[in-house]
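Worksheet: one structure, shown below.
We name chains A, B, ... by the order of the sequence lines, and we start the count at 1 in each one. Any value given below was found using the heavy atoms of this structure, including those in side chains, with hydrogens, waters and symmetry copies removed.
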Amino acid sequence: MNNMAIFIDISKCTACRACQVACKNWNQLKAEQTENRGSHENPPDLSAHTWNRIRWVEELKNRKISWSFFNDRCRHCDPPDCKDAADEFVKGAIIKDKTGAVIFTEKIKAIDPDEILSACPYDIPRYDPETRMIYKCNFCFDRINAGLTPACVKACSTGALQFGDKTKMLHLAHDRISQLGKNATLYPGEDYNIFWALPDKALLKHIG
Amino acid sequence: MTNHWIDLANSDCILAMGSNPVKNHPISFKWMTKAIDRGATLISVDPRFTRTSGKAHIYAPLRSGTDIAFLGGMIKYIIDNNLFFEEYVKEYTNASFLVNPDFKLPADNEGVFSGLTGIKTNEGILDGKYDKSTWAFQKGDNGTPKKDPTLADPNCVFQLLKKHFSRYTPDLVSQITGTPEDNLLQVYKAYGKTGKANKAGTIMYAMGWTQHTVGTQNIRTMAIIQLLLGNMGMAGGGVNALRGESNVQGSTDHALLFHILPGYLKTPKASQQNYQDYIAAVTPRSGDAISANWWQNYPKYSASLLKEFYGKDVSLDDAYHYFPKIDDTENYSWLTIFDQLYHNKFSGLLSWGQNPACSGANANKTRKALTNLDWLVNVNLFDNETGSFWKGPGMDPEKIKTEVFMLPCAASFEKEGSITNSGRWMQWRYKATEPSGQSRPDGDIICDLFNRLRHLYQTNEGAFAAPILKLKWHYGPKDRKGNIKHMDPHMVAREINGYFLEDKIIKGKLYNKGTLVPSFAYLQDDGSTSSGNWLYCNSYTKEGNMAARKIKADPSGIGLYSGWAWCWPVNRRILYNRASVDKIGKPWAPEKPVIEWHRNVWRGDVPDGGWPPLSKGTKSRYPFIMLPEGHAHIFGSGCTDGPFPEHYEPLESPLKSHPLSPQFVNPAVKRWDRDGQEGQMNARATNDPRFPIVCTTYRLGEHWQTGIMTRWQPWLAELEPGMFVEISDVLAKELGIKKGEMVIVESARGALEAVAIVTIRWQPFNVMGKTIHQVGIPWHYGWATTAERSYHATDKKPEVFTFGDSANLVTPNIGDANTMIPESKCFMVNVRKK
């Protein structure tokens, strides 16, 4: 299996959230009792049961409305800081496999969760005290190894999510960024197995 | 749709108005994206900045209920700037026809067209009826309309159109709609570019256009624009209704509505007591040899339908006698049904695959009306607010007499059958799994109902038993008593296609009794053929089930995919395609030809009739074959409320008077608010300081219809967990409402609790010098899945509760003048903190 990647083109996302539902469906994650808090964004945060979540960015710019949707989840860093942190305690608790997936194994239960959570620069993993596991997007490594695309990518009808060899995905991303103009940028960068084309650098301040 | 989903990719300019396809028809965006990648312009016109607006090149806001003003201004712009496709307009539309000189336009006739009578009030005429005798063409010797090919005669359709819409100046339109004038002109200019011969613009509309007192005329206005610009029949053009449910097209084709029989045949009226009277009244005639006047074939289709119902041994006269007739002056649409129930005019209801307690306008009245029932049969996947109305908010079960029967039915994937999508594609679906629990396919439930009814008529003395006892009912394998054991969808599909009932020689070829009719051109008016729906004749032939085809090739090069599924009529993928070519049969847009006359045959899509192009004289036929004159109707007498569209204010308006006219509301709508009997039930509040805010309703992608299939689905319920109202940051500041606060949205008829979403995507409108605020609410919620209601031990609880009740608690009791579809898209409310 080659080094793979998901490329997310923000300009094509409509926040239909089929990816959010597909993630829960494939991974059999339970639904959360949510409430409308004056926004369409829900569930309110990533959790042990929500590994992929669309964030809304709504702004007035030069009297024009700019409305973007950011698909927030594990970036599958290469190399991953969380793996380095885990390795100090239990070797193999976190694996970076050939496809590029960063996978949390059961061995993680032996590690103080704060060591792992604080190692993530993007505040992605979530600890579940009931199971003592830490959860996040696992790149659908089970699907990928069976020759399928990740569940989120499969569910995307607009072409906002694309999956393939990392070199090909990076090529697509750079092409798209040049089409989108000088304000567009690649996020977070090339040393990741999930990356985004942001149509405007100004979005960076909302992503954090 | 005159065209189809994939065809959106061929468009040069896509206007999304009265719809939000990016959110509500997400797959359409895939094809829209392909058009945009080719250089097409996407325009979004909507009261609120939607997901579609977010992807559009041009966004223009407009106040709900002012679409005719907006589009009327576009008609004026197209004419004033000579952007119309002159050859198309002259040759293919009725622009050159001369109208009766006694015909009067609203500007010369107190805001209404000539011929109106009704109740006079200070708002103009109410409950008006038009005598259409002046809406007619001047006739020549052979009975065909007189024409002025130069379009100069002041009585010709083109000049009348120009005069009528000359009042819709950009300044006035902007004042009515609240759309900034420069924004209006930006839209007009971009869309007007599709008047070039080789360019095509398309319209994607949905309930944002239909759910108005002027709904039909909204669409008529756009149809006129499409004709002026020569966009009908073209790849990437057409008038495209985005259906709100996957089989709305199919259920309409098969006569879900009261005024039609399958295939858009007309429901017989009480005054048409025998078959010959009926045929004489419904079959149009034309004196023009070059007009196909396709509906002259009506008797073939009606005879074949009667034979499908009653079989070869019942005469056409008897079969017609058995068909139900409607009272000439009565209307049996939704609002009427529930008004009749409210007044105790009937006592039993089969509520099948629907949820009236939430889905219909003015739901408080509907819910009250349900208490008058002796019995209610609720056929649905799940219990809903209708089946459980007796334990809903404000109900006292002790005082309700209704006996409710719940019949669980199979979901679409638990049974085999077809759906017909918005693009008229009949697509066969296989059964994926067995129905769960005690649920059964609807067809089986209907067959059982029929078996029982027939048995009752056989054993008791029922009045007029023949219409039931003589039914052929050939829809599945039968037991010894002649009862259907289970419905067979293939048998139904073949009955819909139709059979030869006797040996028949047509054009020198023998067709044997008992074989399937190849297409509707072979249907007969003498009772020798059957067909359950002439439009679907050709869908199931000796070649097999055409709807089940899965051929992926596209030899057309324009995405017709003619071997994939099947499309009515006769697999024609783009309607009116004879208008996509010039008089010698050459495509206006050679790079995306729909059909082309090549070496004396048509190639491409199935043409609208095989006649040669117009240059071949009397052997040819005009392109608009369904109309008696063969020319598209820029001026048309078919609507109840005018031959041209005219802007009227919604029933409930924020304005004191109509900016253009002494006639305030569409004069031809049936008014319910005059009837004082119901107190607040049908109340109207227009220009009323108690309800100063315009409100509209819309859908979410996360929920479907009244939410019965989605509110119980935990992964969907968590995404959009409850009722909200979207309000502008400006209005929120005025009212002191903060993001996430609970508010009350109330109209003259009811009130709702909702969470405030404060957003820049709604902005106030400047209308006639006044600031008008508008808000919007979704319609998917209902009390049955909320946490606050009382749950009995046997009641199923949702895994994720939703919050709030139906938007229809506040919508008005009024319908469109032609269709009676309720005006759920525009009414007046107040919003206050709870």
Do [X] and [Y] make a side-chain contact, defined as non-hydrogen atoms from C-beta onward lying under 4.5 Å apart?
{"X": "B/Met723", "Y": "B/Val755", "answer": "no"}
{"X": "B/Asp805", "Y": "B/Trp783", "answer": "yes"}
{"X": "A/Cys152", "Y": "A/Arg73", "answer": "yes"}

*So B/His780 and B/His703, would you call those rings parallel, tilted or perpendicular, with 30° and 60° as cut-offs?*
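Aromatic pair B/His780/B/His703 classed tilted.
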*Taking the six-membered ring for Trp, are A/Tyr187 and A/Tyr122 parallel (under 30°), tilted (30 to 60°) or perpendicular (over 60°)?*
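Correct class here is perpendicular.
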Atom group of [X] that falls short of 4.5 Å from chain A, counting heavy atoms:
{"X": "B/Glu702", "value": "side chain"}
{"X": "B/Ala717", "value": "backbone"}
{"X": "B/Thr759", "value": "both"}
{"X": "B/Val22", "value": "both"}
{"X": "B/Gln713", "value": "neither"}
{"X": "B/Phe29", "value": "side chain"}

If you count heavy-atom pairs under 4.5 Å between each of [options] and chain B, which one has the most?
{"options": "A/Ile65, A/Thr14, A/Leu29", "answer": "A/Ile65"}
{"options": "A/Arg17, A/Lys64, A/Gln179", "answer": "A/Arg17"}
{"options": "A/Glu35, A/Glu41, A/Glu58", "answer": "A/Glu58"}

*Do other residues, nucleotides or ligands put more than 12 heavy atoms under 6.0 Å from the NZ atom of A/Lys109?*
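Yes - once you tally the heavy atoms of other residues, nucleotides and ligands closer than 6.0 Å, there are more than 12.
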_Residue A/Glu130 excluded, over 12 heavy atoms near CD under 6.0 Å_ =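 Check fails, neighbour count at 12 or below.
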Engaged part of [X] at the chain B interface, taking heavy atoms whose separation is under 4.5 Å:
{"X": "A/Ala18", "result": "neither"}
{"X": "A/Ser66", "result": "neither"}
{"X": "A/Cys156", "result": "neither"}

_Minimal non-hydrogen separation, A/Phe163 against A/Leu148, with atom names_ =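 Closest approach of A/Phe163 to A/Leu148, heavy atoms only: CE2-O, 4.4 Å.
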